[in-house]
Amino acid sequence: MDNNDREIRLYTVIQGIPAGKVATYGQIASLAGLPGAARLVGKVLSGLPADTQLPWHRVINAAGKISLPQNSDSFAEQKKRLAEEKVLVCGNGIKLSEYQWRP
DNA sequence: GGAATGACTCTTT
DNA sequence: TAAAGAGCCATTC
């Protein structure tokens with residue numbers, strides 16, 4: 001069940017992100033015990049259901065921007081949710097120095 | 001077992 | 001922060 005643990009850890013770490021804060025894929029991967037597996041985080045998030053409880057909207061890339069295509073619904077959804085958490089979204093990104101989660 | 005893919009990251013310019 | 005190149009992890013065919 002090790003391979004399943006990876007997902008569990010990723011979910012746990014993502015759930016640990018407090019509201020109003022965001023984390024990068026690399027951060028989540030490292031905290032989940034998978035340093036360098038940033039792409040895996042994206043892979044897992046891509047497979048999340050639309051009604052998931054996971055705060056995936058708090059996950060962004062190292063550039064502080066949303067990696068989703070701007071013409072996608074998920075992009076608008078993430079932007080909307082972030083705004084709900086008082087996270088200012090400039091264009092397709094945010095201010096990492098202000099909102100990046102530091103455990 | 002090898003090649004391709006992906007919501008990426010790092011270092012250098 | 002932006003651009004270009006190389007690297008890393010796991011899944012899938």
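Throughout, a chain's letter reflects where its sequence line sits, starting with A, and its residues are numbered from 1. Bear in mind that the values here come from a model prediction, so they are computed numbers and not experimental data.
Rounded to a whole Å, the CG atom of A:L68 is 12 Å from the C1' atom of B:dG6. The interatomic distance linking A:N61 (CG) with B:dG6 (P) rounds to 17 Å, in whole Å. The distance from atom CG of A:L45 to atom C1' of B:dG6 is 12 Å, rounded to the nearest whole Å. Going from atom OH of A:Y25 over to atom C1' of C:dG7 covers 19 Å, rounded to whole Å. If you take CG of A:D5 and C1' of C:dA10, they are 15 Å apart, rounded to a whole angstrom. What separates CG of A:L10 from C1' of B:dG6 is a distance of 15 Å, to the nearest Å. Distance A:Q70 CD to B:dA7 P: 15 Å, rounded to the nearest Å. Distance, A:I28 CD1 to C:dC9 P: 18 Å, rounded to whole Å.
If you check C:dT1, B:dT5, C:dC8 against the side chain of A:K43, the one that comes closest is B:dT5. Candidate nucleotides B:dA7, B:dT9, B:dG6 were compared by shortest atom distance to the side chain of A:R39, and B:dG6 ranks first. Of all nucleotides listed (B:dT9, C:dA10, B:dA7), C:dA10 comes nearest to the side chain of A:L40.
For B:dC8, the OP1/OP2 oxygens have a side-chain nitrogen or oxygen of A:S67 closer than 4.0 Å. The side chain of A:R6 contributes no N or O atom lying less than 4.0 Å from OP1 or OP2 of C:dC9.
Counting non-hydrogen atoms under 4.0 angstrom, A:S74 reaches nothing in the nucleic acid. Heavy atoms of A:A63 sit under 4.0 angstrom from primed sugar atoms or phosphate atoms, though from no base atom. Among the heavy atoms of the strands lying under 4.0 Å from A:P35 are primed sugar atoms or P, OP1, OP2 only; no base atom is included. Using a 4.0 Å heavy-atom cutoff across all strands shown, A:K65 reaches sugar-phosphate atoms only and no base atom.
Inter-residue side-chain proximity for A:F75 and A:N92 is flagged as met; some heavy-atom pair is nearer than 4.5 Å. Between A:Q27 and A:Q100, some side-chain heavy-atom pair lies under the 4.5 Å cut-off. Within the 4.5 Å cutoff, the side chain of A:L45 has heavy atoms near those of the A:V59 side chain.
Here the options are A:E85, A:Q15, A:Q78, the test is side-chain contact (heavy atoms from CB on, under 4.5 Å), and the partner is A:R58; only A:E85 passes.
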> Does the side chain to side chain contact (heavy atoms under 4.5 Å, CB included) test come out yes or no for A:V22 and A:I17, once each step is laid out?
Replying inline: CA-CA 7 Å; A:V22 297; A:I17 305 173; 5.8 Å; no
